Amino acid sequence: DVQVWESGGGLVRTGGSLRLSCEASGFKFDDYAIGWFRQAPGKEREGLSCIANSDGTTYYRDSVKGRFTISSDNAKKMVYLQMNNLKPEDTAVYHCAATPHPGICITSPHKGRYEYWGQGTQVTVSS
């Protein structure tokens with residue numbers, strides 16, 4: 001079975017950092033792209049960043065560019081999202097998701113293009 005799952009969320013103060021992890025199993029990791037999304041209460045799920053595992057191509061949404069860094073460890077089938085200088089508006093449930101179409105990682109991840117989703121991990125940034 002294909003599975004992806006997240007870990008690493010928590011409570012942090014404004015300006016703090018967290019590193020989220022996404023672990024995957026059940027598919028050929030190198031052939032996929034992994035995207036990070038978040039959903040705040042009452043808002044749409046938005047794509048933040050993605051990485052194509054085959055060649056390391058990355059993309060970032062403008063609102064997180066320069067603060068968030070996505071990386072992967074293909075041997076471990078892990079993708080990470082390092083989040084620095086966190087702000088209260090970053091508070092949300094963060095999800096990772098996998099797509100077998102890594103070529104789409106040239107624009108902001110769209111939830112409709114990703115097939116396999118984790119349950120999410122809560123990130124809360126206090127002011």
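Computed from heavy atoms alone, side chains included, the values below leave out hydrogens, waters and symmetry copies. Here the structure is a predicted model, which is why all the values come from computation and not from measurement. Throughout, residue positions are numbered sequentially from 1 according to the sequence presented.
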Chemist: A side-chain contact here means heavy atoms from C-beta on lying under 4.5 Å apart; do Met78 and Ser21 qualify?
Modeler: yes

Chemist: So, Ser127 side chain and Pro88 main chain: donor-acceptor pair closer than 3.5 Å or not?
Modeler: no

Chemist: List for me each residue that meets side-chain contact (heavy atoms from CB on, under 4.5 Å) alongside Gln122, sequence neighbours excluded, and say none if there are none.
Modeler: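 side-chain contact (heavy atoms from CB on, under 4.5 Å) check on Gln122 returns Thr91, Val93, Thr124.
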
Chemist: Can you see whether Ser54 engages Asp30 through a side-chain donor-acceptor pair at a distance of less than 3.5 angstrom?
Modeler: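 No donor-acceptor contact under 3.5 Å links the two side chains.
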
Chemist: My understanding is that a hydrophobic cluster links ILVMFWY residues whose side chain heavy atoms are under 4.5 Å apart, including indirect links. Using that, what else belongs to the cluster containing Trp5?
Modeler: none

Chemist: Minimum heavy-atom separation for His95 to Gly118, with atom names?
Modeler: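 Closest pair (atom of His95, atom of Gly118, distance): ND1-O, 3.2 Å.
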
Chemist: Salt bridge between Lys111 and Glu44, side-chain N to carboxylate O under 4.0 Å?
Modeler: yes

Chemist: Taking the hydrophobic residues Ile, Leu, Val, Met, Phe, Trp and Tyr, and joining any pair whose side-chain heavy atoms are under 4.5 Å apart, which ones share a cluster with Val12?
Modeler: Val2, Val4, Leu18, Leu20, Phe27, Phe29, Tyr32, Ile34, Trp36, Leu48, Ile51, Tyr60, Val64, Phe68, Ile70, Val79, Leu81, Met83, Leu86, Tyr94, Tyr116, Val123, Val125

Chemist: Taking the side chain from Glu6 and the backbone from Cys96, do they hold a donor-acceptor pair closer than 3.5 Å?
Modeler: yes

Chemist: When you measure from the side chain of Asn74 to the backbone N and O of Lys77, does any donor-acceptor pair fall under 3.5 Å?
Modeler: no

Chemist: What pair of heavy atoms forms the shortest contact from Ser17 to Asn84, and how long is it?
Modeler: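 Result for this residue pair: OG-OD1, 2.9 Å.
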
Chemist: In the hydrophobic clustering (ILVMFWY, side-chain contacts below 4.5 Å, transitive), which residues join Leu11, or is it alone?
Modeler: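 Leu11 shares its hydrophobic cluster with no other residue.
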
Chemist: Working to the nearest 0.5 angstrom, can you tell me the gap between Thr58 OG1 and Ile106 CD1?
Modeler: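 Output value for this atom pair is 12.5 Å.
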
Chemist: Grab the two heavy atoms, one from Gly47 and one from Arg61, that are nearest each other, plus how far apart they are.
Modeler: O-NH1, 3.0 Å

Chemist: Quick one: side-chain contact (heavy atoms from CB on, under 4.5 Å) partners of Asp55, sequence neighbours excluded?
Modeler: Ala52, Thr57

Chemist: Where is the tightest heavy-atom contact between Ser49 and Pro109, given as atom of each residue plus distance?
Modeler: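 Smallest interatomic distance, heavy atoms only, reads O-CG, 3.4 Å.
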
Chemist: What distance separates Ser7 OG from Gln119 CD, expressed to the nearest 0.5 Å?
Modeler: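 Atom-to-atom, Ser7:OG and Gln119:CD are 13.5 Å apart.
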
Chemist: Quick one: does Thr99's side chain have a donor or acceptor within less than 3.5 Å of a partner on Arg113's backbone?
Modeler: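 Answer holds: yes.
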
Chemist: With a 4.5 Å cut-off on side-chain heavy atoms, are Gln3 and Glu23 touching?
Modeler: no

Chemist: Could you walk me through whether His101 and Glu115 pass the side chain to side chain contact (heavy atoms under 4.5 Å, CB included) test, one step at a time?
Modeler: CA-CA 10 Å; His101 308 292; Glu115 297 186 13; 4.2 Å; yes

Chemist: Indicate the atoms forming the closest heavy-atom contact of Ala40 with Ala92, along with that distance.
Modeler: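 Heavy atoms only, the tightest pair is N-CB, 3.8 Å.
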
Chemist: Taking Thr14 for the side chain and Ser126 for the main chain, is one N or O donor matched with an acceptor at less than 3.5 Å?
Modeler: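 It does hold such a pair.
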
Chemist: Look at the aromatic rings of Phe37 and Tyr114 and report parallel, tilted or perpendicular, splitting at 30° and 60°.
Modeler: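 Phe37 vs Tyr114 ring planes: perpendicular.
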
Chemist: Using the salt bridge (Lys or Arg N to Asp or Glu O under 4.0 Å) criterion, which residues pair with Arg38? Sequence neighbours excluded.
Modeler: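 Per chain and number, Arg38 pairs via salt bridge (Lys or Arg N to Asp or Glu O under 4.0 Å) with Glu46, Asp90.
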
Chemist: Counting heavy atoms not belonging to Lys65, are there more than 12 under 6.0 Å from its NZ?
Modeler: yes

